[in-house]
Protein chains: 2
Amino acid sequence: MDVRTLCLGALMGGEATGYEIRKMFEDGTFSHFQIASLGSIYPALTKLTQDGLVTFVEHEQENRPDKKIYQLTSEGRRTFLRTLLQTRPAEDRYRSDILFMLTFAEEMPIELTEALIDEFAARHELMSQQIDPENTDKPAHQKSNARDENGELRPGCCFVAGLGQAMRNATLKFIRENKQGLLDELKARKTNKS
Amino acid sequence: MDVRTLCLGALMGGEATGYEIRKMFEDGTFSHFQIASLGSIYPALTKLTQDGLVTFVEHEQENRPDKKIYQLTSEGRRTFLRTLLQTRPAEDRYRSDILFMLTFAEEMPIELTEALIDEFAARHELMSQQIDPENTDKPAHQKSNARDENGELRPGCCFVAGLGQAMRNATLKFIRENKQGLLDELKARKTNKS
DNA sequence: GACTGCATGTAACCGGTTACATGATTCG
DNA sequence: CGAATCATGTAACCGGTTACATGCAGTC
């Protein structure tokens, strides 16, 4: 799925600026399973405007560059919905340098192994907080995209967020339960060899 | 982490052909958290050979193109280890078209939602079988990379594989427990609206 | 007869990242 | 006083994917 489609999806939850769209992928609703950087979002939005799938209203701001608040056109909405129906979703892909590196735990100093595990846990802990199912406490002006026009939580979002949460919890639990075991075994091996 | 480094890592478990390396990322040890396609592996291997980080022996085969069996040089090994020590691992990224699509469950026919969930579950189930911690039953000629020269399971690999397994299990469990709930809620909403 | 697995390789293409440019404000 | 947040935009670059080329063996 290219950034254009992703942007259309982001705008399904209501109007937003390019900057806010990035936040949805960085912090918000979509952060666990899609990414997109500003360098790709802005051109995508421009292209979508040319194709008539989105429109924007320019809001002047003092001491700040003008805000472009984007919105789906009815054709944009239709196009996105059609895409949903027609797209064969690509395979999921999870990339993790840390896990790749940990595969070689034997070959590196134990302190590094521990540091890597801790960093892994810390990062996931952070994400975990961001998805917190009842992230209702966020300031109202933040486009969360998880609610529809009536302010109701979209069931699809709940489901997906819940799934993300379940994954993270399992990850963190596994680390809590197995980190020490790994470190101990590595230590044992080292003393055996020397 | 670029494909070159990934290839070096793949060869840490012993010699392998380009084709076998791809399998490690497709099916094997690394399949859950890194990917690499043949189109990137072969050029990477060529480059690594030029740089003296790997060598290969050509094995003639009948009725088949020659096999190039690659192996780390001692410099390759050193380089890889240095990379492990020096690299700041990039952020983990999980991309899932299916989860993105499911976010918009409200907007699509219930059958599609169900089909997507089922496909998601099926794919994860498949991966789950591939990582099966005691995947000892695989034919011996398959380079698994999970064992060291003495045939012992590398503790790092165990840990990472276990983590992958824990994630998958949590995912599948969540789906079992919440799929029907989501579908029911979607149905309820539809009848409410009409 | 078609497809999959083994086995290597090349090259066009494309998409996204990174980095730069600009600039005020607020927080630590 | 520097860093981060808000806010947009451009362009070079790069890395990897996709598709093509080749060919035999075994399976469905």
Side-chain angles (χ1 to χ4, degrees), chain A residues 1-8 10 15-28 30 34-50 54 56-70 88 90-91 93 95 97 100 126 130 138-139 141-143, chain B residues 1-8 10 15-28 30 34-50 54 56-70 88 90-91 93 95 97 130 138-139 141-143:
Chain A
M1 285 208 149
D2 55 33
V3 180
R4 244 166 303 145
T5 310
L6 260 24
C7 285
L8 288 181
E15 46 176 41
T17 66
Y19 195 82
E20 285 169 334
I21 290 176
R22 193 216 45 180
K23 290 201 77 193
M24 294 180 201
F25 291 99
E26 191 100 319
D27 302 314
F30 304 124
Q34 288 292 348
I35 34 103
S37 65
L38 281 174
S40 55
I41 290 173
Y42 285 123
L45 251 15
T46 308
K47 185 85 199 311
L48 288 169
T49 308
Q50 283 162 12
V54 303
F56 64 89
V57 179
E58 225 158 344
H59 273 231
E60 285 173 44
Q61 299 189 121
E62 283 157 37
N63 309 326
R64 236 158 247 236
D66 293 357
K67 239 188 198 177
K68 286 186 180 174
I69 302 181
Y70 287 89
R88 283 251 70 210
E91 292 268 323
R93 43 188 49 181
R95 296 168 143 275
D97 282 4
F100 179 73
L126 224 175
Q130 284 168 357
K138 273 199 179 171
H141 66 269
Q142 285 221 353
K143 299 283 179 300
Chain B
M1 286 207 148
D2 54 33
V3 180
R4 245 166 303 146
T5 311
L6 260 25
C7 285
L8 288 181
E15 47 177 42
T17 67
Y19 196 81
E20 285 170 334
I21 290 176
R22 193 216 45 178
K23 290 199 78 192
M24 293 181 203
F25 291 99
E26 191 101 321
D27 301 316
F30 304 125
Q34 287 292 349
I35 33 105
S37 64
L38 281 173
S40 55
I41 289 172
Y42 286 123
L45 251 16
T46 307
K47 184 86 198 312
L48 288 169
T49 308
Q50 281 162 14
V54 303
F56 64 88
V57 180
E58 225 157 341
H59 273 233
E60 287 174 44
Q61 299 191 121
E62 284 157 34
N63 311 325
R64 238 159 248 235
D66 293 356
K67 239 189 200 182
K68 286 186 181 174
I69 302 181
Y70 287 89
R88 283 252 68 212
E91 292 269 323
R93 44 188 51 180
R95 294 168 145 274
D97 282 4
Q130 285 167 354
K138 273 199 178 172
H141 65 268
Q142 285 221 355
K143 297 282 179 302

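A note on names: the letters A, B, ... follow the listed sequences, proteins ahead of strands, and every chain is numbered from 1. Every heavy atom of this structure was used, including side-chain atoms; hydrogens, water molecules and symmetry mates were not.
Between B:K67 and B:E58, the closest side-chain pair of non-hydrogen atoms is not below 4.5 Å. Residues B:T46 and B:T49 are not in side-chain contact: their nearest non-hydrogen atoms beyond the backbone lie 4.5 Å or more apart. With a 4.5 Å cut-off on side-chain heavy atoms, A:D66 and A:H59 do not count as touching. Between A:T17 and A:Y70 there is no side-chain heavy-atom pair separated by less than 4.5 Å. Using a 4.5 Å heavy-atom cutoff, the side chains of B:L45 and B:I21 are in contact.
Distance, B:L6 CG to D:dG15 C1': 13 Å, rounded to whole Å. Atoms CD1 (A:I21) and P (D:dG9) sit 12 Å apart, rounded to a whole Å. Atom CZ of B:R4 and atom P of D:dC14 are 11 Å apart (whole Å). Protein atom CD1 of A:I41 is 12 Å distant from nucleotide atom C1' of C:dT17, rounded to whole Å. One interatomic measurement links the two molecules: CZ of B:R95 to P of C:dG16, which rounds to 8 Å at whole-angstrom precision. Between the CG atom of A:L48 and the P atom of D:dT8 there is a distance of 15 Å, given to the nearest Å. What separates CE of A:M1 from P of C:dC14 is a distance of 20 Å, to the nearest Å. The NZ-P distance, from A:K47 to C:dG15, rounds to 9 Å in whole Å.
Here the side chain of B:Y42 is nearest to one of D:dG9, C:dT17, C:dT8, namely C:dT8. You'll find that the side chain of B:V3 is closest to D:dG16, out of D:dC6, D:dG16, C:dG5. For A:K67, taking side-chain heavy atoms from C-beta onward, the closest of the listed nucleotides C:dA7, D:dG16, D:dT8 is D:dT8.
Taking the nucleotide of DNA chain C with the nearest heavy atom to each of B:R22 and B:R93, the more 5' of the two is matched to B:R22.
Among B:Q34, B:R95, B:E91, the single residue meeting the side chain to side chain contact (heavy atoms under 4.5 Å, CB included) criterion with A:R95 is B:Q34.
As judged by a 4.0 angstrom heavy-atom cut-off over every strand, B:I35 is placed among residues touching the sugar-phosphate backbone only. The residue B:T17 sits close only to the backbone: its heavy atoms come under 4.0 Å of sugar-phosphate atoms, none of a base.
Put simply, the side chain of B:D97 gets close to the backbone of A:A90: a donor and an acceptor are under 3.5 Å apart.
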Could you go over nucleotides 18-20 of chain D and give all protein N or O partners under 3.5 Å, atom names and distances?
none

